[in-house]
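I have placed the structure first, in the form of structure tokens, so that the comments after it can refer back to it.
The basis for the numbers below is simple: all heavy atoms, side chains too, and nothing from hydrogens, waters or symmetry mates. Counting starts at 1 for both ligands and their atoms, in listed order. All residue numbers refer to positions in the sequence shown, counting from 1. Computed from a prediction, not measured in an experiment: that's the story for all the values here.
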Amino acid sequence: MAPTVLEPVKVSITLKQTLQKKIEAQRPHTARLVKEFGKVIIDQVTIDQAIGGARDIRCLVTDISYLDPQEGIRFRGKTIPETFAALPKAAGSDYPTVESFWYFLLTGDIPTQEQVDEVIGEWKVRQDVPQYVFNAIRALPRDSHPMVMLSTGILAMQKDSKFAKAYHEASYNKNNAWEFLYEDASDLVARIPIIAAFIYNLKYRGDNQIPIDPKKDMGANFAHMIGQKKDYEDVARMYFILHSDHESGNVSAHTTHLVHSALSDPYYAYSAGLNGLAGPLHGLANQEVLDWTLKFQDKYCRDSEPTKELVTKALWDTLNAGHVVPGYGHAVLRKTDPRYMAQREFCLKTPGLKDDPLFKLVSMIFEVAPGVLTEQGKAKNPWPNVDAQSGVIQWYYGVTEWDFYTVLFGVGRALGCMANITWDRALGYAIERPKSVTTAMLEKWADEGGRKTS
Ligand code: NMX
Ligand code: MLT
């Protein structure tokens with residue numbers, strides 16, 4: 001692909017300088033908490049948590065987003081509608097650019113238009129993906145899952161990691177480590193949509209690659225590069241922002257944080273995070289939802305319209321076969337995911353989409369599934385999550401290759417993961433190393449009525 005280098009936009013204070021000020025202001029808070037209040041108890045651990053996926057144990061710290069079980073996600077203290085309302089919008093659009101959101105995630109500040117333009121320009125310089133990355137992806141069997149291709153592409157870039165190189169140089173220290181991390185993190189978020197578009201075109205458009213449009217922001221350029229029309233630009237912007245971050249404990253964010261905590265660079269760390277996102281209980285659920293819905297149409301509605309009765313039967317058939325209902329339930333949320341609602345509202349306000357048969361079917365599942373899951377009585381949360389609604393939008397706009405949907409999730413999730421590990425380095429977070437115990441120890445503590453701490 002042709003190199004794209006734009007003249008840098010001049011701003012009085014750059015994103016990196018703003019970030020530096022924020023980091024310097026935050027460091028004393030973290031240092032004081034550890035030094036003066038390090039032994040203050042914030043949680044306790046029970047046997048079912050130790051065996052059951054560390055659910056709800058408070059042992060990660062991030063200021064980038066927080067997930068309340070009832071309310072859902074807040075990015076830097078703002079709900080989804082507040083975030084969309086506050087950020088400067090892309091030209092001619094009701095949605096913010098992804099670049100403005102990146103600025104906000106990293107700093108907590110709402111950027112000015114000038115500051116957004118600086119990031120857009122910076123990403124244009126950073127987004128030239130080395131040819132060896134495309135060669136590595138091209139060398140994979142064409143029927144590899146697109147998540148394998150994305151993870152491989154990200155990992156391939158490791159050889160040019162600025163963080164890994166700096167680590168072995170005399171100038172590297174704990175104080176400035178974040179600056180090298182920031183360089184890799186910014187390169188990675190700028191390049192991942194280009195790699196994703198390359199994979200899409202390689203797999204589904206006969207390797208018909210489309211060059212970067214240097215005049216477009218990230219969301220608009222992604223739409224352009226996968227051969228979509230203008231009306232997909234907001235879909236891309238909304239999708240990437242909504243999927244960016246969900247506090248630190250989810251599998252992709254936690255994996256990225258864990259791997260980076262060994263000072264593995266962002267490429268190693270996010271490639272690993274993507275491998276976690278590719279699991280059917282996590283990000284792959286978005287392709288599973290489409291698969292389930294289309295199979296439902298094929299099996300139950302060949303000669304009839306979908307009805308609530310047929311959906312109910314199909315849901316029970318899924319549960320009775322021992323499978324999960326994809327797109328429903330959550331480890332933390334106990335209400336409908338506001339990311340589901342944001343996408344549903346997008347569908348309802350988009351002429352054509354609101355009357356689309358697949359959207360109507362997804363809405364019918366929304367009416368029926370929570371009751372079925374409640375009646376079954378296993379899932380702690382019977383309500384839909386982000387994945388139950390995202391695929392139908394892609395499908396409507398012609399991105400019908402649903403095994404690509406988790407790649408889209410991975411492009412968005414890079415924003416949150418990269419912002420988080422930039423701050424991990426800024427605040428000097430330690431290598432992660434929880435303690436394990438044996439079953440015999442648990443049985444002893446159970447007999448004793450609890451572990452004796454002395
Ligand atoms: N369909 C059927 N059973 C479910 C569902 C569901 N949608 N959700 C939870 N359960 C079951 C779960 O498998 C478990 O069964 P068992 O005791 O036999 O192991 C029981 O209910 C209790 O699970 P929870 O504590 O409610 O859920 P947990 O925190 O363990 O898991 C999920 C959370 C999201 C993994 C789970 O709800 C699920 O598998 N959902 C379907 C897959 C999905 O949509 N994943 C996407 C999540 C969002 N994302 O993008 O990452
Ligand atoms: C996510 O966005 O990561 C999912 O909703 C899963 C989670 O938060 O655990």
Specify side chain, backbone, both or neither for Arg55, according to which of its non-hydrogen atoms lie closer than 4.0 Å to ligand 2.
-> neither

With Thr152 via side chain to side chain donor-acceptor pair (under 3.5 Å) - residues at least two apart | none

Measure the distances from the heavy atoms of Glu247 to every atom of ligand 2 and state whether one is below 4.0 angstrom.
-> no

Check Val392, Ile393, Thr350 against Phe359 for a side-chain contact (heavy atoms from CB on, under 4.5 Å) and give me the one that passes.
-> Val392

Less than 4.5 Å apart, any side-chain heavy atom of Gln70 and any of Leu333?
-> no

For Asp355, which residues count as a side chain to side chain donor-acceptor pair (under 3.5 Å) partner, sequence neighbours excluded?
-> none

Please determine which of Tyr200, Trp395, Tyr204 meets the side-chain hydrogen bond (donor to acceptor under 3.5 Å, both in side chains) test together with Glu401.
-> Tyr200

List below, pair by pair, the N or O atoms of ligand 1 and of the protein that are less than 3.5 Å apart, including the distance to 0.1 Å; reply 'none' if no pair qualifies.
unit_1	atom_1	unit_2	atom_2	d
ligand 1	1 (N)	Val325	N	2.8
ligand 1	7 (N)	Val325	O	2.9
ligand 1	7 (N)	Tyr328	O	2.7
ligand 1	18 (O)	Lys378	NZ	3.0
ligand 1	21 (O)	Lys378	O	3.4
ligand 1	21 (O)	Ala379	N	3.3
ligand 1	25 (O)	Lys380	NZ	2.8
ligand 1	26 (O)	Lys380	N	2.7
ligand 1	29 (O)	Arg55	NE	3.1
ligand 1	29 (O)	Arg55	NH2	3.2
ligand 1	30 (O)	Arg55	NH2	3.2
ligand 1	40 (N)	Tyr328	O	2.8
ligand 1	44 (O)	Gly327	N	2.7
ligand 1	44 (O)	Asn385	ND2	3.0
ligand 1	45 (N)	Leu281	O	2.9
ligand 1	49 (N)	Asp387	OD2	3.2
ligand 1	50 (O)	Asp387	OD2	2.5
ligand 1	51 (O)	His282	ND1	2.7

Result block: side-chain N/O donor-acceptor pairs under 3.5 angstrom for residues 435-442, not counting sequence neighbours:
unit_1	atom_1	unit_2	atom_2	d
Thr438	OG1	Met441	N	3.1

Using non-hydrogen atoms of the residue, decide whether His243 is closer than 4.0 angstrom to ligand 2.
-> no

Would you mind telling me if ligand 2 is within reach of the side chain of His282, the backbone, both or neither, using heavy atoms under 4.0 Å?
-> side chain

Do Arg334 and Pro382 come within less than 4.5 Å of each other through their side chains, counting heavy atoms only?
-> no

